[in-house]
Amino acid sequence: MTVITHARRKSRLAKLIDSAGGVTVGVALTRARQNIAALREKGLEEVTRHIDALAALEAPTDPEATARSLQQIYVSANHVIDAAHPFELDEICAVALSLCDMVDRASAEDAVFDWRIMAVHIQSLRLLNTLPADAVREREQVTTHLADMVAKKFGQAG
């Protein structure tokens, strides 16, 4: 009887992990979390800066200014998402995304943008940005009330 055996070869990745300089997944994740934590303060400053940029916008008086303002709202809201997401500020991201949806709706429908909606979103962003991380119930209430307001305005969840 003939028995055929195959020599098991280690994969290149396994060799890298086992060799000097190789990093396990657990170590890599720990290092990544530490790197993100070191950038948290700067990220929160960016979130605040872009929320302030949104708050500084005034309601435009003509169609060209409206288009520019809507574009600026969209850009600033995206920057808020980019700065908040790595730090798991999910509620802030959700409100900024909702604001982007409002801009998309206004652009798609070629409708008049209701600047009161932007004001409510900005107030929500500011409140969420100042609430402590352990204020889970309060954060949930802010996002729920905002979603309710959007649903009433547009007749659906938005």
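Listed by chain and residue number, nothing satisfies the salt bridge (charged side-chain N to carboxylate O under 4.0 Å, His left out) test with Glu41 (two or more places apart in sequence, or in another chain). Scored by the salt bridge (charged side-chain N to carboxylate O under 4.0 Å, His left out) test, Arg126 finds Asp52 as partners (sequence neighbours excluded).
Among all heavy-atom pairs drawn from Val136 and Ala133, the shortest one is CG2-O, 4.1 Å. Residues Leu99 and Ile73 approach most closely at CG-CG2, 3.7 Å, considering heavy atoms.
Within the 4.5 Å cutoff, side-chain heavy atoms of Leu128 are placed close to those of Thr143. Using a 4.5 Å heavy-atom cutoff, the side chains of Leu57 and Ile122 are not in contact. By the 4.5 Å heavy-atom criterion applied to side chains, Trp115 and Val120 are not counted as neighbours. Using a 4.5 Å cut-off on side-chain heavy atoms (C-beta onward), Ile51 and His121 make no contact.
Taking OG1 of Thr66 as the reference point, atom CG of Leu70 lies at 6.5 Å (rounded to 0.5 Å). Here the straight-line distance linking atom OG1 of Thr144 with atom CE of Met149 works out to 12.5 Å at 0.5 Å rounding. Separating the CG atom in Asp114 from the CZ atom in Arg105 is a distance of 12.5 Å, to the nearest 0.5 Å. Atoms OG and CD, from Ser124 and Gln141 in turn, are 12.5 Å apart once rounded to the nearest 0.5 Å. With rounding to the nearest 0.5 angstrom, the CE atom of Met118 is 7.5 Å from the OG atom of Ser69. Once rounded to the nearest 0.5 Å, the distance linking CG of Leu127 with CD1 of Ile92 reads 9.5 Å.
Side-chain N/O atoms of His50 and Glu46 include a donor and acceptor closer than 3.5 Å.
In terms of hydrophobic clustering, with Ile, Leu, Val, Met, Phe, Trp and Tyr side chains grouped at heavy-atom distances under 4.5 Å, Val47 and Ile36 are assigned to a common cluster. If you chain together hydrophobic residues whose side chains sit under 4.5 Å apart, Leu39 and Leu44 fall into the same group.
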Side-chain atoms of residues 25-35: list all donor-acceptor pairs with protein atoms under 3.5 Å, sequence neighbours left out, distances to 0.1 Å.
{"from": "Thr30", "atom 1": "OG1", "to": "Gly26", "atom 2": "O", "distance (Å)": "2.9"}
{"from": "Asn35", "atom 1": "ND2", "to": "Arg31", "atom 2": "O", "distance (Å)": "3.3"}

Below 3.5 Å, can you tabulate the donor-acceptor pairs from side chains in residues 75-85 to any protein atom, sequence neighbours excluded?
{"from": "Ser76", "atom 1": "OG", "to": "Gln72", "atom 2": "O", "distance (Å)": "3.2"}
{"from": "Ser76", "atom 1": "OG", "to": "Gln72", "atom 2": "NE2", "distance (Å)": "2.9"}
{"from": "Asn78", "atom 1": "ND2", "to": "Tyr74", "atom 2": "O", "distance (Å)": "3.0"}

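Heavy atoms of other residues, nucleotides or ligands lying less than 6.0 angstrom from CD of Glu138 number more than 12.
Pairs passing the salt bridge (Lys or Arg N to Asp or Glu O under 4.0 Å) check and including a residue from residues 85-97, sequence neighbours excluded, read Glu91-Arg139. Applying the salt bridge (Lys or Arg N to Asp or Glu O under 4.0 Å) definition to pairs two or more places apart or across chains, those involving residues 57-70 are Glu64-Arg68.
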